Number of protein chains: 2
Amino acid sequence: MKRAQIFRLEHYLMRLMELKIRGAAYATSDALADAVGVSGSRVRQDMMALQAVGKPHSGYSVDELEIRIRDALDLYRPKGMAIVGCGNLGHALANAGIWERAGFTVRAAFDVDPAKVGQSLVGVTIRHLDELPGALADEPCVAACLTVPTEVAQTVANLLVDAGVKGIWNFASVDVKAPMHVVIENQRLEFGLMTLSYLLKLHRPPKTPPSGG
Amino acid sequence: MKRAQIFRLEHYLMRLMELKIRGAAYATSDALADAVGVSGSRVRQDMMALQAVGKPHSGYSVDELEIRIRDALDLYRPKGMAIVGCGNLGHALANAGIWERAGFTVRAAFDVDPAKVGQSLVGVTIRHLDELPGALADEPCVAACLTVPTEVAQTVANLLVDAGVKGIWNFASVDVKAPMHVVIENQRLEFGLMTLSYLLKLHRPPKTPPSGG
DNA sequence: GGGCATTTGTTAACTTCTTCACAATTTTAG
DNA sequence: CTAAAATTGTGAAGAAGTTAACAAATGCCC
């Protein structure tokens, strides 16, 4: 599955949750299409890929579709997550309530700040980064959330790879390198900001030219 | 310009900064291509769109290219930003050092928590959300960073639209609606997490089937 | 129950994006 | 100065993704 399709599935899922709240039992392809900005035709093709069958005149079962998408994204499998870097961003993410919905549980947290070590973050005790190798053996975490300063991101990423982590959700503004068997998902916050900058320029009402006004 | 191209430009820019640090004066199309995962040919087509001319046998001038990309994304224009919601995420973003690079300056900050009102965030005083309409008239902010709980995101977004904001960088897990002339850039953190979940599944060593082993 | 409106499943056409290929250009080496 | 190597600029081929279109199925209304 390519990234564009994953992205669409995530949007469908979001829309499904909205529909569920509204009490809908079925979702039409056009309703899902609207959540992403593609045609209903495209959605139906995605549904075929998921082997979801819809009812003519009704659409796709919201519940069944939710299961299929979550399954395709492997959201049901329980997965351990380590939070590495417990600054504001680490805290914000830890408490954001996003983990459970994706099957993750925060099982460990690390920082280098002695003032933070020993404190609790979403129920786990923050340990010093030096303890990471042993600690991750005790509390297996398939992935880690890397929220450390950009300067040390690569160094800490190496630590994580050595500790056996299989995926890194990277918030640093740098491409961290890792062996091929480790997945890196970069969450480039500054890219969002730059995109906003461009979109603002696009939407700015065109300047009235000096002549001809 | 489409989103995919914007995304590539952002990656080129990142790579250019790396090259700059290493003291390189020229960047070849293949070097830039490597930062995104496309062919050098695709890069050269992007360069044409930017009207950047390269030197055969050398590549593109790092400095000139940086200017062209930053200009295309409108990163040079000074833009005011309001931070709405000064929890951990708001704090983290405010202090992340990402604003200046995209031409933004944090000019205002708001929260509903009386304990936070009056405190300082990256040099600006946090005000109560009720003051938002008037405050944004004083300190013009073309955009706002929406880091409030998901439940109130739409309500606060409406406030921002009424206050004349032209763009919203939305961190809530919901699609906020706004008039067409207001740009919404959704930073869906949970999508990143779901994508990671899928990638982990993909990379998991395939189970040895029970038979034939 | 019959007819009509709605929606899926699926193939084909269309559009967009990406890479390929190669002449033209510049640098480097001897 | 000449030849070889590297790299751009660009048109065409190829791949991938998207929409269009329509038969088949289903539900709804009277």
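Residue numbering restarts at 1 for every chain, and letters A, B, ... go by the order of the sequence lines. Source: prediction; values computed, not measured.
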Please confirm whether the shortest side-chain N or O distance from A:Arg42 to OP1 or OP2 of D:dT19 is below 4.0 Å.
no

Check ring pair (Phe, Tyr, Trp, His ring centres under 6.0 Å) between A:Phe171 and all other residues, then give those that pass, not counting sequence neighbours.
A:Trp169

In chain order, what residues pass the side-chain contact (heavy atoms from CB on, under 4.5 Å) check against B:Ala35, with sequence neighbours excluded?
B:Arg15

Run the side chain to side chain donor-acceptor pair (under 3.5 Å) test against A:Tyr26 and tell me which residues pass, sequence neighbours left out.
A:Lys55

Counting only pairs under 3.5 Å, give me each side-chain donor-acceptor contact of residues 158-166 of chain A, with atom names and distances, residues two or more places apart or in other chains.
from	atom 1	to	atom 2	distance (Å)
A:Asn158	OD1	A:Gln154	NE2	2.9
A:Asn158	ND2	A:Gln154	O	3.4
A:Lys166	NZ	A:Gly164	O	3.2

So if I take residues 2-40 of chain A and measure heavy-atom distances to DNA chain C, which residues fall below 4.0 Å?
A:Thr28, A:Ser29

Integer-rounded Å distance: D:dG9 P and B:Leu65 CG
11 Å

By the side-chain hydrogen bond (donor to acceptor under 3.5 Å, both in side chains) test, which pairs, at least two apart or in different chains, include something from residues 94-108 of chain B?
A:Glu190-B:Arg101

For DNA chain D, whose closest nucleotide is more 5', that of B:Ser41 or that of A:Ser41?
B:Ser41

B/S/- contact track for nucleotides 25-30 of chain C, protein heavy atom under 4.0 Å
BBB---

Using side chain to side chain donor-acceptor pair (under 3.5 Å) as the criterion, list what pairs up with B:Asp74, not counting sequence neighbours.
A:Arg204, B:Arg77

Could you pull out all donor-acceptor pairs under 3.5 Å where a side-chain atom in residues 135-152 of chain A meets a protein atom, sequence neighbours excluded?
from	atom 1	to	atom 2	distance (Å)
A:Thr147	OG1	A:Val84	O	3.2
A:Thr147	OG1	A:Gly85	O	2.6
A:Thr150	OG1	A:Ser173	N	3.2

Taking atom C1' of D:dT10 as reference, at what distance in whole Å does atom CD of B:Gln51 sit?
16 Å

Report all side-chain donor-acceptor pairs from residues 87-94 of chain B shorter than 3.5 Å, counting only partners two or more places apart or in another chain.
from	atom 1	to	atom 2	distance (Å)
B:His91	ND1	B:Cys86	O	3.0
B:His91	ND1	B:Gly87	O	3.3

Under 4.0 Å, heavy atom to any atom of DNA chain C: which of residues 43-50 of chain B qualify?
B:Arg44, B:Gln45

Is it true that B:Glu10 and A:Arg188 have a side-chain N and a carboxylate O under 4.0 angstrom from each other?
no

With sequence neighbours excluded, what pairs up with A:Asp30 under the salt bridge (Lys or Arg N to Asp or Glu O under 4.0 Å) test?
none

